[in-house]
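For reference, the structure discussed in these notes is given below.
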Amino acid sequence: MKMILAIINHDDANRVTRALTRAHYFVTKLATTGGFLKDGNTTLITGVEDDLVDDVMELIQENTKARPHPLAGGAEMGFGFSTAAPKEVTVGGATIFVLNVERFEKL
Ligand code: 2BA
């Protein structure tokens, strides 16, 4: 069994959750914050059998999209307000971790 942790944009969270639950996956939704932008994002937890990981990844991919996010003068990267500072970063579609689950029980 695997645990899939997917960090996604708030704006995609409902679509992804709906797609996963419609496909009969169990999902837990956490309100999280990115360390870099210090902006809210959503982390979804899904526990699935190994052979279903690719299906879950596809559903997440189909329902998320990458977005440009403006930077406040590059301050996030320690550039201060220098003109050399990048003006934006691209966030998402999804950042996904797949972890081995040693034991899973519902008591
Ligand atoms: P944030 O940490 O707020 O990062 C937002 C976006 O800023 C990132 O998008 C990336 O484009 C950029 N970024 C982040 N850290 C950076 C750095 N040190 N230098 C330059 N640019 C940087 P994504 O890569 O799509 O990440 C979206 C969110 O996913 C992140 O929000 C964070 O919450 C999570 N995340 C991404 N990679 C992670 C990792 N390796 N471990 C844990 N969380 C991660």
Side-chain angles (χ1 to χ4, degrees):
M1 186 175 202
K2 305 285 188 204
M3 182 165 86
I4 301 170
L5 285 181
I7 304 166
I8 61 174
N9 194 292
H10 267 330
D11 296 339
D12 295 328
N14 284 340
R15 265 162 55 99
V16 176
T17 307
R18 215 177 306 124
L20 290 172
T21 50
R22 270 198 196 135
H24 305 292
Y25 293 108
F26 289 84
V27 186
T28 298
K29 197 168 145 191
L30 305 173
T32 47
T33 303
F36 188 67
L37 296 175
K38 296 172 186 64
D39 216 1
N41 51 31
T42 297
T43 300
L44 300 178
I45 303 176
T46 306
V48 294
E49 294 306 329
D50 291 21
D51 59 338
L52 295 173
V53 169
D54 289 343
D55 186 48
V56 170
M57 302 277 269
E58 260 173 51
L59 286 172
I60 295 171
Q61 190 182 12
E62 282 166 11
N63 289 285
T64 54
K65 65 171 187 218
R67 295 170 171 82
H69 189 291
L71 293 177
E76 293 88 345
M77 297 180 81
F79 286 109
F81 284 85
S82 143
T83 49
K87 297 281 187 293
E88 63 179 31
V89 289
T90 302
V91 183
T95 297
I96 301 178
F97 300 88
V98 180
L99 294 83
N100 286 319
V101 174
E102 209 165 294
R103 182 167 161 175
F104 170 72
E105 288 183 36
K106 288 188 176 180
L107 302 176

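Order of listing sets the numbers, starting from 1, for every ligand and every atom in it.
- Near F97, meaning under 4.0 Å from any of its heavy atoms, are these atoms of ligand 1: 39 (C), 41 (N), 42 (C).
- Backbone and side-chain nitrogen or oxygen atoms of V91 are examined, and none is located within less than 3.5 angstrom of a nitrogen or oxygen of ligand 1.
- Expressed to the nearest 0.5 Å, how far CG of D39 lies from OG1 of T32 amounts to 10.5 Å.
- Against a heavy-atom cut-off of under 4.0 Å, T90 is close to the following atoms of ligand 1: 9 (O), 10 (C), 11 (O).
- Between T33 and ligand 1, no N or O atom pair is found at a separation short of 3.5 Å.
- Within the 4.5 Å cutoff, the side chain of R67 has heavy atoms near those of the D11 side chain.
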Query raised in the report: Run the side-chain contact (heavy atoms from CB on, under 4.5 Å) check on K29 and I8 step by step: do they pass?
Result: CA-CA 10 Å; K29 197 168 145 191; I8 61 174; over 6 Å; no
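- Note that CD of E102 is 13.5 Å distant from CE of M1, once rounded to the nearest 0.5 Å.
- Note that OG1 of T95 is 8.5 Å distant from CG of N41, once rounded to the nearest 0.5 Å.
- Taking distance alone, with nitrogen or oxygen atoms compared against 3.5 Å, F36 approaches ligand 1 more closely than that limit.
- Each of the atoms 1 (P), 3 (O), 5 (C) of ligand 1 lies under 4.0 Å from some heavy atom of L37.
- Separating the OH atom in Y25 from the CG atom in D55 is a distance of 3.5 Å, to the nearest 0.5 Å.
- In summary, the atoms of ligand 1 found under 4.0 Å from a heavy atom of N41, numbered by their order in the structure, are 28 (C), 31 (O), 33 (O).
- In this structure, CG in L71 is found 6.5 Å from CG in L37, a value given to the nearest 0.5 Å.
- Of the candidates T64, I7, I96, T42, the one placing a heavy atom closest to atom 34 (C) of ligand 1 is I7.
- The shortest N or O to N or O distance between V89 and ligand 1 is not under 3.5 Å.
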